[in-house]
There are 2 protein chains.
Amino acid sequence: MRDRPQTTAPAGRPAVAARPVIRRALLSVDVVLFTPHGRRLTVLLVRAADPRARERWELPWDAARTDEALDVAAARIARSALGAGAAWTRQVVASGGDQRHPGETEFSIAYLGLVPAGTPPPVGGEASWFPLDEIPPVAPRHRAMVDSALGMLRLELDQSPVAFRLLPPTFTLSQLQEVYEVLLGRKLHKASFRRALHAAWLVEPIDEWRSEGRGRPAQLFRYAPKKRRTSRRGVRFDLLG
Amino acid sequence: MRDRPQTTAPAGRPAVAARPVIRRALLSVDVVLFTPHGRRLTVLLVRAADPRARERWELPWDAARTDEALDVAAARIARSALGAGAAWTRQVVASGGDQRHPGETEFSIAYLGLVPAGTPPPVGGEASWFPLDEIPPVAPRHRAMVDSALGMLRLELDQSPVAFRLLPPTFTLSQLQEVYEVLLGRKLHKASFRRALHAAWLVEPIDEWRSEGRGRPAQLFRYAPKKRRTSRRGVRFDLLG
DNA sequence: TGACATTAGTGACCGAGTGTGACTAATTCG
DNA sequence: CGAATTAGTCACACTCGGTCACTAATGTCA
């Protein structure tokens with residue numbers, strides 16, 4: 001990203017890229033890409049473009065262009081860093097100059113992007129997935145963006161079916177439950193989870209089973225929202241927080 | 001706002017302000033202030049500073065300053081337009097140049113602010129409360145900001161007790177229910193509302209009663225959150241939207 | 001002045017939703 | 001073959017939320 005060539009090819013980017021000209025911009029667009037790895041959520045970081053940077057890793061970012069909408073820029077930056085597009089993006093937060101940005105920009109707009117499990121970063125070592133509790137030192141503004149993005153993701157979780165964007169097209173219900181447990185940060189009861197999922201008509205079974213290791217094989221499902229249960233519920237003051 | 005003098009005094013601002021020098025900025029901070037008027041939610045608009053503007057009204061805004069944090073700028077702009085500060089502010093959305101802004105700025109960051117019922121705009125006719133369904137023509141980006149702010153407010157409604165920020169310090173439960181009904185856009189059942197409110201320990205009664213017109217006088221309450229009901233609930237897929 | 005309308009506030013019922021444990025099913029491993 | 005492991009379902013108890021019905025306290029008006 002930044003002044004690196006925008007190869008759309010997923011791999012083959014030269015490991016020794018032309019060192020970019022460091023330029024200061026007023027406004028940057030930064031992308032926080034999440035994907036699950038096992039029971040942990042990971043975030044994509046790329047090697048700092050500036051060799052003199054205080055931190056060796058940073059979020060994918062670029063200066064905002066006046067001829068490009070913000071969400072288009074976020075999609076472009078994600079594609080540039082990952083080789084493939086994110087399955088879902090959403091604006092998270094704008095932050096100002098009270099926290100240091102690797103590009104020394106005055107203001108930044110952070111985007112959240114979800115990537116299905118199993119998507120590898122492009123080869124070449126310029127980008128890697130880091131578990132949330134093993135993030136290397138990054139600029140303070142980038143660190144705050146990761147936290148905000150995680151909060152936004154959890155908030156979005158019970159507003160729209162974003163969990164499916166972290167899974168491949170077909171998946172087992174145990175996989176789906178695991179994603180929810182990772183995002184919510186707590187265990188869920190199997191029976192409750194499946195009962196609620198069934199009532200919402202969000203998935204449909206396909207005629208395929210998968211056996212991973214030992215144990216009974218699991219049926220595969222696909223995301224296929226059917227009806228819109230217009231359940232008008234009361235005011236739940238008690239889950240305010 | 002903009003180049004008008006920042007009088008902190010609520011009134012007495014000269015009606016004939018010095019016409020501001022029109023300057024182009026890359027980034028603006030815009031504030032959507034809400035307050036209830038009866039059964040309707042209203043938004044604060046100010047007269048366009050530029051006499052040649054396409055629209056006569058606009059949201060309070062100012063160019064972003066590199067030496068000021070974004071939320072501080074939003075608070076300043078709100079105070080400048082209203083004479084008093086907002087009871088609660090929150091960043092809503094950043095938008096780009098695909099929608100026209102009255103200041104022709106490339107990018108904008110919108111903030112939402114809540115103002116307790118009964119707060120008047122400063123005299124002088126430069127600012128007025130407009131019901132949401134009677135908003136005069138404003139620039140497209142400002143129109144979109146109002147919609148986004150309303151969406152954010154409704155989303156925030158069941159995350160944190162924001163409804164109390166739209167009420168004076170003491171209020172009746174009927175007033176509180178009315179605020180919720182305005183924000184949710186639907187009627188609530190009295191018994192259900194009070195039961196849930198009681199269970200959440202968010203308000204406490206004070207030894208005062210108010211009689212408005214006919215009917216039994218209502219007891220006054222004050223916002224005083226007590227316990228934090230840590231009700232761990234299951235996954236509610238059915239209210240996904 | 002007394003019936004009535006109006007607003008405030010509470011109690012109780014009932015069905016739907018949720019937490020939980022226990023059960024069956026199908027596979028791998030030894 | 002039996003134990004271990006993972007998938008999937010059932011049933012029970014309990015809570016929560018929608019609703020109706022009732023009481024309480026005031027103003028209005030004939």
Side-chain angles (χ1 to χ4, degrees), chain A residues 38-39 157-158 167 170-181 184-222 227-240, chain B residues 38-39 157-158 167 170-181 184-222 227-240:
Chain A
R39 288 207 165 271
L157 188 62
D158 42 55
L167 287 172
T170 68
F171 47 85
T172 70
L173 296 191
S174 295
Q175 280 181 295
L176 180 62
Q177 180 175 345
E178 191 175 278
V179 166
Y180 267 89
E181 287 176 345
L184 294 172
R186 62 187 169 100
K187 287 285 186 181
L188 298 175
H189 204 275
K190 188 173 47 167
S192 293
F193 181 81
R194 291 176 186 227
R195 189 206 298 130
L197 186 61
H198 190 76
W201 294 90
L202 285 180
V203 299
E204 75 180 10
I206 64 176
D207 200 43
E208 244 178 280
W209 281 261
R210 173 194 301 166
S211 72
E212 303 181 75
R214 42 195 162 289
R216 172 175 167 175
Q219 187 163 19
L220 288 179
F221 288 76
R222 124 181 90 204
K227 320 176 184 181
R228 180 64 43 210
R229 282 274 308 271
T230 58
S231 68
R232 281 281 156 257
R233 306 179 63 254
V235 187
R236 300 270 315 175
F237 295 102
D238 57 331
L239 41 78
L240 265 43
Chain B
R39 288 206 165 272
L157 188 63
D158 42 56
L167 287 173
T170 67
F171 47 85
T172 69
L173 295 191
S174 295
Q175 281 182 294
L176 180 61
Q177 181 174 345
E178 193 176 276
V179 166
Y180 267 90
E181 287 175 345
L184 293 171
R186 63 189 169 100
K187 288 282 185 183
L188 298 175
H189 217 272
K190 186 173 50 169
S192 294
F193 182 81
R194 290 175 185 228
R195 189 205 297 129
L197 186 62
H198 191 77
W201 294 88
L202 285 180
V203 298
E204 76 181 9
I206 63 176
D207 201 43
E208 246 177 279
W209 280 261
R210 174 193 299 166
S211 71
E212 304 181 74
R214 42 191 162 288
R216 171 176 169 175
Q219 187 164 19
L220 288 179
F221 287 76
R222 124 180 91 205
K227 320 175 184 179
R228 179 67 42 214
R229 281 273 309 270
T230 59
S231 68
R232 282 278 156 258
R233 307 181 61 256
V235 187
R236 299 270 313 176
F237 294 102
D238 57 331
L239 42 77
L240 266 43

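Below, each value reflects all heavy atoms present in this structure, side chains not excepted, and no hydrogens, waters or symmetry copies. Every chain is numbered from 1 and lettered A, B, ... according to where its sequence line falls, protein lines coming before strand lines.
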Exercise. Under a 4.5 Å cut-off applied to non-hydrogen side-chain atoms, are B:Arg210 and B:Thr172 in contact?
Worked result: yes

Candidate nucleotides [options], ranked by approach to the side chain of [X] - the nearest:
X: A:Leu173; options: C:dA8, C:dT20, D:dG8; answer: D:dG8
X: A:Arg195; options: C:dT20, C:dA8, D:dG8; answer: C:dT20
X: B:Ser192; options: D:dG8, D:dT19, D:dA25; answer: D:dT19
X: B:Gln219; options: D:dT6, C:dG9, D:dT9; answer: C:dG9

Atom [atom1] of [X] and atom [atom2] of [N]: how far apart are they, to the nearest Å?
X: A:Arg210; N: D:dT6; atom1: CZ; atom2: P; result: 15 Å
X: B:Leu188; N: D:dT19; atom1: CG; atom2: P; result: 11 Å
X: A:Leu176; N: D:dG8; atom1: CG; atom2: C1'; result: 15 Å
X: A:Lys190; N: D:dT5; atom1: NZ; atom2: P; result: 14 Å
X: B:Gln177; N: C:dT7; atom1: CD; atom2: P; result: 13 Å
X: A:Phe193; N: C:dG17; atom1: CZ; atom2: P; result: 18 Å
X: A:Arg186; N: C:dT20; atom1: CZ; atom2: P; result: 10 Å
X: A:Trp209; N: D:dG8; atom1: CH2; atom2: C1'; result: 12 Å

Between [atom1] on residue [X] and [atom2] on residue [Y], distance to nearest 0.5 Å:
X: A:Tyr180; Y: A:Asp158; atom1: OH; atom2: CG; value: 8.5 Å
X: B:Glu181; Y: B:Leu176; atom1: CD; atom2: CG; value: 10.0 Å
X: A:Arg195; Y: B:Phe237; atom1: CZ; atom2: CZ; value: 12.0 Å

Problem set entry | Sugar-phosphate only, base, or nothing, as touched by A:Thr172 at under 4.0 Å among non-hydrogen atoms | nothing

For this session: Please tell me which of A:Ala191 and A:Arg214 maps to the more 5' nucleotide of DNA chain D, matching each residue to the nucleotide holding its nearest heavy atom.
Result: A:Arg214

Exercise. Starting at the 5' end of DNA chain C and moving along, which residue's nearest nucleotide shows up first, A:Arg216 or A:Ala196?
Worked result: A:Ala196

Seminar exercise, completed: Whichever of B:Gln175 and A:His189 has the more 5' nearest nucleotide on DNA chain C, that residue is B:Gln175

Exercise. Among B:Lys187, B:His189, B:Lys190, which residue meets the side-chain contact (heavy atoms from CB on, under 4.5 Å) test with B:Gln177?
Worked result: B:Lys190

